[in-house]
Amino acid sequence: MPPSNNLASIRPLDRAFFARNPRRVAREILGKVLVRDTDNLHLAARIVEVEAYLGQNDPAAHAAAGNTARNSVLFGPPGYAYVYFIYGNHYCLNVSCEREGKAGSVLFRALDPLLGIAEMAASRRVSLEGPRDFTKLTSGPGRLAEAFGITRARDNGRDLTSPDSGLWIGEDGFLSRGIRTSSRIGIRKAVDRPLRYFLAQNPFVSGGRKSTSPRI
DNA sequence: ATATCGATTATCT
DNA sequence: GATAATCGATATG
């Protein structure tokens, strides 16, 4: 099946997709499509790198300290956006997993742009001219959030299963190839767990492309 | 190509 | 007061 070149060919994922262990959601969400579809923004990009955060029993997860004002979306129903602000500079996007009362999420780490590349560049305030590395458009959690105009104020708690919300996740028949795993990036606790999932051949994958775990 | 560092603020100890 | 699920710039091999 050819790559998506229009939003009409993308079908939203249902809530049951997210109502599972974050490891399973992380693996299966690779190759799916993140869509921003509002009055003035029409973006789509393929999900090529994610990390699973396992909830209250995962020391690296924001949910580890329990339900707070910041992370309460993680403890709500599955399929909703958890957006947090980090390092005084950047927003990062997660989708809630599991079920109401049980935290768990998947962090989006890299996207491969399909639609609205010029708009993404404008959101990132970069030019597409010159020798600039094109993958910097959506490679990395902070970069992809900026490309999609995602902020906590606008998007935290948004329903990612509903096209009506303007930010949602769909599938277009793409079959993921070369899924690999590694340890998660940028964390200090539980560093050895292989909870980062990525498409090894995709140029937008951030950081190291080396797997620390067997092929899956 | 890898290393180091400053930015800048919400959140928690 | 310290830390953080990061990025971009600068320095150095």
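All chains are named by letter (A, B, ...) in the order of the sequence lines, taking the proteins before the strands, and each is independently numbered beginning at 1.
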Ring of A/Phe18, cation from A/Arg15 - is the NZ or CZ under 6.0 Å from the centre and inside 45° of the axis?
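Here A/Arg15 fails the 6.0 Å and 45° test against A/Phe18.
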
Identify whether NZ of Lys or CZ of Arg in A/Arg184 sits under 6.0 Å from the centre of the six-membered ring of A/Tyr53 and within 45° of that ring's axis.
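Yes; both conditions hold, so A/Arg184 lies above the ring face of A/Tyr53.
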
For C/dA5, the Watson-Crick or wobble counterpart (both distances under 3.5 Å)
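Pairing partner: none.
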
Does the structure show a Watson-Crick or G-U wobble partner for B/dT8, both distances under 3.5 Å? Name it, or say none.
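Base partner found: none.
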
For atom [atom1] of [X] and atom [atom2] of [N], their distance in whole Å:
| X | N | atom1 | atom2 | value |
| --- | --- | --- | --- | --- |
| A/Phe108 | C/dT6 | CZ | C1' | 18 Å |
| A/Ile86 | B/dT11 | CD1 | C1' | 9 Å |
| A/Ile150 | C/dT6 | CD1 | P | 15 Å |
| A/Tyr82 | B/dT11 | OH | P | 8 Å |
| A/Arg188 | C/dT6 | CZ | C1' | 14 Å |
| A/Glu49 | C/dA5 | CD | C1' | 12 Å |
| A/Lys189 | C/dT3 | NZ | P | 11 Å |
| A/Asn71 | B/dA10 | CG | P | 16 Å |

So if I define the base as every atom that isn't primed, P, OP1 or OP2, how would nucleotides 7-13 of chain C read as a B/S/- string at a heavy-atom cutoff under 4.0 Å?
SS-----

Scan [X] against the nucleic acid and name what it touches under 4.0 Å (heavy atoms): base, sugar-phosphate only, or nothing.
| X | value |
| --- | --- |
| A/Phe85 | sugar-phosphate |
| A/Arg70 | sugar-phosphate |
| A/Leu107 | base |

Is there a stack between A/Tyr53 and C/dA5, judged by ring centres under 5.5 Å and planes under 30°?
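So yes, this residue stacks on that base, both cut-offs being met.
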
Please determine which of A/Asn202, A/Leu114, A/Thr138 meets the side chain to side chain contact (heavy atoms under 4.5 Å, CB included) test together with A/Arg46.
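In the set A/Asn202, A/Leu114, A/Thr138, the residue that makes a side chain to side chain contact (heavy atoms under 4.5 Å, CB included) with A/Arg46 is A/Leu114.
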
Approximate separation, where rounding is to 0.5 Å, of A/Cys97 SG and A/Arg23 CZ
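Reported to 0.5 Å precision, the distance equals 12.0 Å.
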
Do A/Tyr84 side-chain and C/dA5 base share a donor-acceptor contact under 3.5 Å?
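Answer is yes: a donor-acceptor pair is held.
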
Would the number of heavy atoms belonging to other residues, nucleotides or ligands and lying under 6.0 Å from CG of A/Asn89 be above 12?
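For A/Asn89, atom CG is crowded (more than 12 foreign heavy atoms under 6.0 Å).
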
Should the heavy atoms of other residues, nucleotides or ligands under 6.0 Å from CZ of A/Arg11 be counted, would the total exceed 12?
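Not more than 12 within 6.0 Å, no.
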
A/Leu54 vs A/Pro22 side-chain heavy atoms within contact, under 4.5 Å
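In short, these two side chains touch, coming nearer than 4.5 Å.
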
Looking at A/Thr68, does any N or O in its side chain come under 4.0 Å of the phosphate oxygens OP1/OP2 on B/dT11?
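For A/Thr68, the contact criterion (side-chain N or O under 4.0 Å from OP1 or OP2 of B/dT11) is not met.
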
Please compare A/Arg152 and A/Tyr87 by the position of their nearest nucleotide in DNA chain B and report the one closer to 5'.
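Result of the comparison: A/Tyr87.
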
